[in-house]
Amino acid sequence: MDGKQLILASAMTAVLALTANPALAADASKEKCYGVAKAGSNDCAAIGHSCAGMAKTDFDGKEWKLVAKGSCLQLKGSLTPR
């Protein structure tokens, strides 16, 4: 493997490693709150789709949004999917 191929392979490995660790999971001051996301404003994958912003209905119990830790139940959400 020559120098250019090594640099390209290293760069691709770095990109794949960064995309494998979502930043959302790293914030300890937040928690997943199910049933509080409005249509189109969920934070990540749920049943039936694999992307943020794809919730089809308001307050679906399977869709989640990150909220400040300890505030989910005050928002009438759930810490587990419903």
Side-chain angles (χ1 to χ4, degrees):
M1 191 180 287
D2 68 14
K4 287 182 182 179
Q5 288 176 323
L6 182 60
I7 291 172
L8 181 59
S10 296
M12 291 184 69
T13 301
V15 168
L16 290 173
L18 289 174
T19 58
N21 285 325
L24 296 175
D27 192 348
S29 68
K30 305 271 185 182
E31 63 189 1
K32 283 184 183 181
C33 187
Y34 294 87
V36 298
K38 293 212 174 198
S41 69
N42 61 305
D43 278 336
C44 205
I47 209 157
H49 62 79
S50 62
C51 296
M54 295 186 76
K56 296 193 184 322
T57 59
D58 290 346
F59 312 116
D60 184 329
K62 292 179 181 74
E63 302 288 354
W64 61 269
K65 190 156 185 67
L66 283 176
V67 297
K69 193 163 194 104
S71 67
C72 181
L73 299 179
Q74 294 170 344
L75 295 169
K76 308 285 190 245
S78 171
L79 296 174
T80 57
R82 297 186 250 165

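The chain is numbered in sequence order, starting from 1.
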> Do you know the tightest heavy-atom contact between Lys38 and Ala55?
Replying inline: O-CB, 4.1 Å
> About how many Å separate SG of Cys33 and CG of Leu66, when rounded to the nearest 0.5 Å?
Replying inline: 9.5 Å
>> If I compare all heavy atoms of Lys76 with all of Arg82, which pair ends up nearest, and what's the gap?
In response: O-NH2, 3.6 Å
> Is the side chain of Asn42 donor-acceptor paired with the backbone N or O of Gly53 at a distance under 3.5 Å, no angle test?
Replying inline: yes
>> Contact between Leu75 and Val67 at the side-chain level, heavy atoms closer than 4.5 Å - yes or no?
In response: yes
> Does some side-chain heavy atom of Glu63 sit less than 4.5 Å from a side-chain heavy atom of Tyr34?
Replying inline: no
> Taking all non-hydrogen atoms of both residues, which atom of Ala52 and which atom of Asp43 are closest, and how far apart?
Replying inline: CB-O, 3.1 Å
>> Check whether Asp60 reaches the backbone of Ala37 with its side chain - one donor and one acceptor, N or O, closer than 3.5 Å.
In response: no
> Can you tell me how far NZ of Lys30 sits from OG of Ser71, rounded to the nearest 0.5 angstrom?
Replying inline: 8.5 Å
> So, Cys51 with Cys44, SGs under 2.5 angstrom?
Replying inline: no
